[in-house]
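The block underneath contains the structure these notes are about, expressed in structure tokens.
Every number for a ligand or one of its atoms is a count from 1 in the order of the listing.
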Amino acid sequence: MSYVFVVDTDRHPLNPVHPGRARILLSSGKAAVLKRYPFTIVLKTSVEQPLLTPLRLKLDPGSNTTGIALVNDQSGQVVFAADLSHRGHAIKGALQSRRGVRRSRRNRQTRYRKPRFSNRRRPRGWLPPSLQSRISNIKSLVHRLQKLCPVSAISMELVKFDLQQMENPEMCGAEYQQGTLAGYELREYLLDKWHRTCAYCGRSDVPLQIEHIQPKAKGGTERASNLTLSCGPCNQKKGTQDIAVFLKKKPELLARIVAQAKAPLKDATAVNATRWALFERLKPFGLPIECGSGGLTKFNRTKRGLAKIHWLDAACVGRSTPETIHAEGIVPLCIKASGHGNRQMCGTDKHGFPIRHRQRQKVHHGYQTGDLVRAVVPEPLKTAGTHVGRVQARATGSFDITTKPGTRVAGVGYQYCRPIQRCDGYSYTKGAPYAGA
Ligand SMILES: [Zn+2]
């Protein structure tokens, strides 16, 4: 079970509690529900000098989904887990369709606009809107979690491969020197660089071995630039021959391998622009930030025998990861960024012709589109029954409720609705409980 967040009467975060404990507090009237998602209760009495256990907030940023986990570093217990789905693609699509409509309108020469050459500079730190939205999603979630539980540090995955550690293993820690982690990260890196195929025969569905381009016997180094991957037979055939001798009859292949081996390691070191921007924007939270590499995350996850899920990846980010991660029974919260509605005041058809206008008013009969409501409709009515879901509010007072993705109850009167949680730009569902790998 995921833990339940607790705040005191002054809304200061306390230690998350076991759901059983939360149930006792609620049924005995000592606490009340503050928030449905993530489930948070508020105590009715104040707590004098609470003893807080620090939690580490761990992030694995991705382009579609960001894994989030709150981990107790001492016990290795995952306290809260979430998969955050971004809407970068939706934003990109919306901007592209707007661009298309404007472009066609200008081409029709229906309106003259003066050229604007002086106001096209982008502000410092500008990011494309789709990336900006991903970063804002993560930032707002960090901000919210900080208000619900004692977060003392942040860990995030910053780079795919840690090349500095790969090249100088002696620089960093005992685990690295023993070769296990260094070898693992190197192998992952080579698999990526050589596209999981044998460099000599191009087969990809066979076990691959790490192969020295310039053989060790002839003075070849262990650096990544002297390594490639080959299948067993090719490796044996090559033996300790020099690559120029081995590929004497295939000069094109020789040239290609040599070029690819020497290719700078830049693309792997180059930090993904979004992640770097996220790192910069997490600094103002004032918490210590630990950065890890993708290779280290995978190493940690495999070593602890955990499944490949976004939030478990997040729990394994960084060197601070505890020896054992207790994640059994954790129900992740699936958070989907849904935006705060459309800003468009005038909707157009596919030709860009205005066909509908909307009111400036967003709140109708006390509800706003996106609110989570519970509607109890009495018997003789067509929509009779209990419906829980996202509401679409209309000025007429006849609301639609989306109970599940794709299932919608139309025409529920506003007077039958009760709010559960006000819209905050995200929709929430519970994921499947983690049963272990
Ligand atoms: Zn081969």
Short side-chain donor-acceptor distance under 3.5 Å, [Y] and [X]:
| X | Y | result |
| --- | --- | --- |
| Asn226 | Gln214 | no |
| Thr240 | Lys216 | no |
| Asn137 | His86 | yes |

Please find out if less than 6.0 Å separates the ring center of Tyr37 from that of Tyr426. no
Using atom types as modelled, flag every donor-acceptor pair under 3.5 Å from a side chain in residues 145-159 to any protein atom, sequence neighbours excluded.
residue, atom, partner, partner atom, Å
Ser152, OG, Leu55, O, 3.3
Ser155, OG, Arg56, NH1, 2.8
Ser155, OG, Glu290, OE1, 2.6
Glu157, OE1, Thr297, OG1, 3.0
Glu157, OE2, Arg275, NH1, 3.4
Glu157, OE2, Arg275, NH2, 3.3

Do Asp313 and Lys298 meet the salt-bridge criterion of a basic N to acidic O distance under 4.0 Å? no
Measure distances from the Zn ion (ligand 1) and count the protein N, O or S atoms below 2.8 Å. 4
